[in-house]
Structure formats: structure tokens, C-alpha cells
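Naming convention: chains lettered A, B, ... in sequence-line order (proteins, then strands); numbering from 1 in each chain. Quick caveat, the model's predicted, so the values are computed rather than measured.
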Number of protein chains: 2
Amino acid sequence: MTASITDVARAGGVSASTVSRALRGRPGVSAEVRDRIVALAAQLGYTASRSASSLASGRTYTIGVLVPYVGRWFFGTVLDAAERVFSAAGYDVLLYNLGSPETRKRFFTRLPVRKRVDALLTLLIPDEEESAALRSLGVPLVTTVGGPRPGFTVVGIDDRAGTESAVRHLVNLGHRRIGMISGASGPLHWTTPIERRNAYLDVLAAAGIDHDPTLEADGDYTVEGGERAMTELLAAARPPTAVFAQSDEMAMGALRALRRHRLKVPEDVSVVGFDDHELADVVGLTTVAQPVAEQGAEAARLLLRRMDEPDAEPPAAQVQMPIRLVLRETTAPPHPRGPQ
Amino acid sequence: MTASITDVARAGGVSASTVSRALRGRPGVSAEVRDRIVALAAQLGYTASRSASSLASGRTYTIGVLVPYVGRWFFGTVLDAAERVFSAAGYDVLLYNLGSPETRKRFFTRLPVRKRVDALLTLLIPDEEESAALRSLGVPLVTTVGGPRPGFTVVGIDDRAGTESAVRHLVNLGHRRIGMISGASGPLHWTTPIERRNAYLDVLAAAGIDHDPTLEADGDYTVEGGERAMTELLAAARPPTAVFAQSDEMAMGALRALRRHRLKVPEDVSVVGFDDHELADVVGLTTVAQPVAEQGAEAARLLLRRMDEPDAEPPAAQVQMPIRLVLRETTAPPHPRGPQ
DNA sequence: GATCTGAACGCAAACGCTTGCGCAACAGGG
DNA sequence: CCCTGTTGCGCAAGCGTTTGCGTTCAGATC
């Protein structure tokens, strides 16, 4: 078996408490002894058992991260960045992939993170019941995506402004039949699709364009969903000349559908996405860029800071990261005669 | 504070041992008592402290997963699938994102998973020293990617066959100047790029094509790297008419570079990738498809199985998943006059 | 030189669980 | 009716740390 603290203590001719204090840099140990113990521990390959130390101290040095879909670019990128910050600070991360309703439900009823984490970062939006469950854990909570929520610090972007810049761009190009591919079918408490939809409607209204419900379709935030949605839109009585997709992945699905229909982008149909996906540049997609990795890193830093200052009152702060419209090759003025 | 096992015991008028046995379905408890305790525990919202139980039992119900880059599609997808299998089996996953050499080194010297996990899934290839460190943990080890390794069960694909199908496809189309974008700059012990390179060389040799070293470039397995590599190849005295990229992400970077150089794909240059990335279809990329999520799931299942049967002798098995060439729109016979 | 002070260290009690063992109580076989 | 099993449960000893408190001792203070 691996060495325990008493092995080190015995070998060093000191008590276990001294070893503990020496290794964690606590006061009450002379410099010579400390150095000797540190060297000895390294030599013996000693690492404190996390279970034992967290049992004794109540701290776990572990942070839970809740993710809807690790495989999706957005979440993977956020997680990647957050993990770097956490591990640099000496924390381990416990990952929960809560994509399906069943796993999600099971997680919130069993709450396996109880007494296992010092803090929680959630990349999904808990509903009222779920956030109550998380608050009951009594650890700092930070979430990316979504609106303000009591007890949570949230870091995100200005969805409204982002959407406005995208749709206005299409309006300014001269488009009047502007479709939208959204992710409306998600959980109702997820405000992002709603925010973006409202902004979309507002821009149209401001431009004096009547809203046409047949120009909206659900793309489920996936490539396939985007493809289906675009196909749906193309089947409308008067198909759109431009489409705003609420995510780049859906936009790429739309591009695929358009190619299948032998429609040219941007000549026949303009497409603008949201996210600035790593591959958006490859397909030349015009999109609303948001700093994805930075959001993860910032959220992680905020969480660490909140752990340091255990004020009773959680700030419930909201951090907004900058967005900007990136013009590429999928948008252009409408074709004089429209599609088909 | 949250309820402890003694709280439940007291409330139920039994001993803590009985509560422990009842909740974990151990024998030695009558059916009535068991039901009563289970109900009581649920009512009190009791969950056993993982630190305490793992300290006492030595089992952690946690599986460590080592990933080079969570944000990359391949690894994100594998992780996603593996996590589902683990969590369905009641295990938590501890994630280590070991992209940079420093974090990787720190991980292997400090080995924070010691006594923290019951098993380890690594999505990276440990070198000799690293695998020795992992073996010293005394837990089952499974790895995806890479060649056979003592103590490890590995699930992967036939890199050689995959590469051969891709390069042969280009040869069959009539190409003679076939470039390759690889990830050769990675750690030397990573055999994948080497396997693929050897297969590439073999196919060329079999076709009677002399190997031209200026037709090889390093793409670092990233989009940007692929773009740089393609740019490099295009600057060669005699640029290739076709390129095999060892990953789809590099292939997409190559596509971007080609677009920047106003070269048409596949008219001027053919491109074939490897992986069948989620977005490969969107850009019409011809590629070697491998079942990525299935590899993660299969690796996870193998790991669980090995945990169930604690045979002294690890099987050191190797599982190979099927691959197939997917023809899309980035490959065609060479242009009669070649590029430029 | 007696007293005080602080630093450096050891003791032992937690932390919350698991588990080997012991001990009733009870059943059934002789 | 005794003996041997079996079943159901409690006791208590860990598991490997952390940490409050007590002790020792060198040096400073008067």
C-alpha cells in the first residue's frame, strides 16, 4: 500500500500533526522540520488521502460541474477553460453530464454532490425546484448562460444585443422575409431562446416588418435540428430570403439543408449564426461572436473568489461578456427575385 | 447541517451499522427494518458522505477520466458517451484535463487520483513512466487511442486500415502528388500519427509513387494547424493535387487555407480527412469514419466489467472498432493541369 | 533567578462511515 | 430438552486525516 501520514511521521521522528501542518504550510512548525518533512514526503511518495482529509476538515477540494452535453462545442469549450482554472488552483472537478431528462432528474433527487464538493458550476439552467436543491447544498454557486437567479452568480452575454446586431444586419442588407431557427423546445425555464426571440421580434417590428409565424422553426440546438428546421422553412408558402439561427450548429445544419436544396448561400438565402463556433470560419459563416472559453474561465475564477470569502450573503452578481458581429460570407443583399 | 447516519439510526431506533447495511442492500437486515430505514432516510434527505464511506471501505465509487483536450470534438464526444455509462452504473466521474505539458506533468507527479478513484479511463497515451505511475494505483485501466500497453485494456480503431482506405482512394482517383497533414509534433510515444504515416507511405510505395518529404506538414491536430500546414504545402515547389489530413479538424483548416488561396476543392485540390466529425457532412468532407461515441461507451463498459472481476491478471485486451471511408464532395480526379 | 511569553510540537478527539465479530433469539433436528 | 445452525442486530475498532488544546522549552523581562 501507499504511505500514510503516520509512516511519514515515524520516518521523520515527529508526530502526524506536525507532518500535516508541515505539508500544508500551516504555522507551528519550524523551518528546518518543515523542509525535512517535505523532502521526506516527496521521497516516500506520500500524498494525503483526499477522503480522509475531507472527512476531517470538511473541505473536499473538489468542484462539481454540471453540463447538459459535454460533446457540444459550446459546453466542451466552457468546461475546458473552467477546468484549467480549477486545476491550477488545486481543485479537482467532478463532472456530471445531465443531458437526458432521466439523468437530470436522478441527479437532482439523489444529489450525489452533497458533501462531495466545495462549490458548484452549472452550465445549465436549473428550474426553481432544482435551484432550491442546489442552494440547499450550502456551497457557492455560479452558472453560465441564463438570467439572474437568487443565490447564483451568473456570467453570460447580452443575448438581446447579440440577436439585435444579427437581425439588424439582415434588415440593413435589405431583407424583409427573415426567418429564425430557435431552440424553443427546450425546458421552459431556459430564457436564452426566449430572449433571443423577443429581440428578433423587436427588430422586425422596428423595421416595420410584419411577423410571419411560418418563418420560425425549432432547431433543437443541433446540426440535425437546424437542417430539419431549414427544410421546414423552405417548405413555407413564402420562404425566407435570410435566416437567423440561434446557434452556429443550427446554422450549419441550415447550410446543409440549403445545399441539399441546391440553393446558393448567400445569393439565394443569407444565413447568420450565433456563437462563433470554432468551425464557423471554415464555412464562412457570419455570426455573433461570444467569448466562450473566457466565459468558462471567468465563471471559474468567480467561483474561486466566492469560496475564498465565505460571506453569508451571496452577491447574486451578473457578469456580462462582450459580443460582436463577425461578418463573413453567408450574408448578402437579397436576390432580386428571391429564392427558387 | 445535513443528516448523518447516526441521526437516521437514532430516528429509526436502530444502530448505525443496521442503517448502513439496509441502505446498501447488504444482508443481515430483515425486510421490514430495511424498508423502514430506506423510507426514513429518504424522508430525512440522508445521503452517505462519500469521504467517510470511501475512507472506511476503500471504495470511492468514482472513476477518473484523463483527457488531453475536453474542448476538442473527438474527446468531448468520447467523454460524453463514457460519462453516460458510468453515471448509469452509479459512478461519479472525476475529470482531468491534461492538455498542457505542465498540467500533465503535475498530474503525474502528484497523482491526485490516488485513493480517489476505483478505476481510470485515459483518453491519452501515457508514456512508459506515466503508465507505470498509473499502474501503481492498483486500479483497472482502460485507454482509447493508441497501441497495446501492459496493464491497459485499449479500445481503438485500425489506424492503418483507415489510412490506407483514404490514401488509396486518392491514388485510385489518379492522384500522384498526395500530401499529408499529420500531428507529428505530439509526444513521441503517441503511435497514432506514426501508424498513419507508415500506412500512407506504404500505399504510396505500393502505387509506385516516390515519397516527397516536402509534401508532409504538421497540423498539430487543430484547425489552425491544418490551415498552416496546408499553406506550407502550397508553398512547395510542386504542390500536391490531393491531401490526406489525419483529422477532420486539420482537414477543415486545410479547406480554409485553400479558400484563402482561391483554390477550388475538389477541382484544384482534393482533401480527405479522418474521424467523420459532426460537421464533416456540412462542409462535404470526404473522410474516414470511426465510431467515436461508441468507443467511449465501449471503453466505459469494459472498465466496469474489469472492476467487477478483480482478477489479478489484467487482460491487456485490445478492442477494435470498425471504420469506413465516407465519400463526399472534397475528392475528385486531379485537374489535368494541376493547381495554379 | 523567578516569571512570563511565545514558538514548536505532541496528544487525542473528532469526522462519518464500514465491517468483523459477538451475542441474543429463535428454529429445527436428534 | 439439549445442541447446533441460522438470522438479525449491536459493539467497537478501524479508515487517515485535521485541529483544539496542553506541554515543553528557550529566550526575554523584571
Side-chain angles (χ1 to χ4, degrees), chain A residues 1-38 40-41 44-62 90 92 111-118 138, chain B residues 1-38 40-41 44-62 92 110-118 138:
Chain A
M1 261 309 142
T2 55
S4 84
I5 197 173
T6 51
D7 297 332
V8 181
R10 206 171 6 239
V14 295
S15 74
S17 358
T18 300
V19 175
S20 172
R21 284 189 268 256
L23 261 28
R24 292 178 312 132
R26 286 291 141 95
V29 185
S30 68
E32 312 105 273
V33 172
R34 181 187 310 280
D35 293 349
R36 196 159 52 83
I37 296 300
V38 168
L40 191 58
L44 266 62
Y46 167 74
T47 318
S49 150
R50 281 298 234 280
S51 327
S53 71
S54 68
L55 177 59
S57 69
R59 307 198 46 186
T60 64
Y61 281 99
T62 301
D92 286 339
L111 229 48
V113 288
R114 176 180 294 157
K115 303 181 196 171
R116 283 211 81 178
V117 299
D118 292 342
Chain B
M1 260 308 143
T2 54
S4 85
I5 198 172
T6 51
D7 296 331
V8 180
R10 206 172 4 241
V14 295
S15 74
S17 359
T18 300
V19 174
S20 172
R21 282 188 270 254
L23 260 29
R24 293 179 311 131
R26 286 289 142 96
V29 186
S30 66
E32 311 105 273
V33 172
R34 181 187 310 280
D35 293 348
R36 196 158 53 83
I37 297 301
V38 168
L40 191 59
L44 281 119
Y46 168 74
T47 318
S49 150
R50 281 298 234 280
S51 328
S53 72
S54 70
L55 177 58
S57 69
R59 306 199 49 186
T60 64
Y61 281 99
T62 301
D92 286 339
R110 309 208 30 203
L111 228 48
V113 288
R114 176 180 294 156
K115 303 191 184 170
R116 280 211 84 179
V117 298
D118 292 341

Could you tell me whether the side chain of A/Ser17 has a donor or acceptor atom within less than 3.5 Å of a complementary atom in the base of C/dC11? yes

In whole angstrom, give the distance that lies between atom CZ of B/Arg34 and atom P of D/dG8. 9 Å

For D/dT17 and A/Tyr46 - does any side-chain N or O of the residue sit under 4.0 Å from the phosphate oxygens OP1/OP2? yes

Provide, to the nearest angstrom, the distance between the CZ atom belonging to A/Arg116 and the C1' atom belonging to C/dG16. 14 Å

In whole Å, I'd like the distance from the CD1 atom of A/Ile37 to the P atom of D/dT18. 14 Å

Comparing nearest nucleotides in DNA chain D, the 5'-proximal residue of the pair A/Val19, B/Ala52 is B/Ala52

Do the side-chain N or O atoms of B/Thr18 get closer than 4.0 angstrom to the phosphate oxygens (OP1, OP2) of D/dG10? yes

Atom pair CZ (A/Arg26) and OG (A/Ser17), whose distance is rounded to the nearest 0.5 Å: 13.5 Å

Could you state the atom-to-atom distance from CG of B/Leu55 to C1' of C/dC17 in whole Å? 8 Å

Interatomic distance where CD1 belongs to A/Ile5 and C1' belongs to D/dT19 [whole Å]: 12 Å

Whole Å only: how far is the CZ atom of B/Arg114 from the P atom of D/dT17? 11 Å

Between B/Ser15 and B/Ala56, name the one whose nearest nucleotide on DNA chain D is closer to the 5' end. B/Ser15

Reckon A/Arg24 has a side-chain N or O less than 4.0 Å from the OP1 or OP2 of D/dT19? yes

Check the phosphate of D/dC9 against B/Ser30, side-chain N and O only, distance under 4.0 Å to OP1 or OP2. Yes or no? yes

How about A/Ile37 and A/Val14: do any of their side-chain heavy atoms sit closer than 4.5 Å? yes

Spacing of A/Arg26 atom CZ relative to C/dA7 atom P, expressed in whole Å: 17 Å

Among the nucleotides D/dT18, D/dG16, C/dC17, whichever has the atom closest to the side chain of A/Ser20 is D/dT18

Sub-3.5 Å donor-acceptor pair from the side chain of A/Arg36 to the main-chain atoms of A/Gly12, do we have one? yes

Is the backbone N or O of A/Ser4 less than 3.5 Å from a side-chain atom of A/Asp7, with the two atoms forming a donor-acceptor pair by type? yes

CZ of A/Arg59 versus C1' of D/dT19: gap in Å, rounded? 14 Å

Does the side chain to side chain donor-acceptor pair (under 3.5 Å) test come out yes or no for B/Arg50 and A/Thr60, once each step is laid out? CA-CA 10 Å; B/Arg50 281 298 234 280; A/Thr60 64; over 6 Å; no

Does A/Arg21 have a side-chain nitrogen or oxygen under 4.0 Å from the phosphate oxygens OP1 or OP2 of D/dT18? no

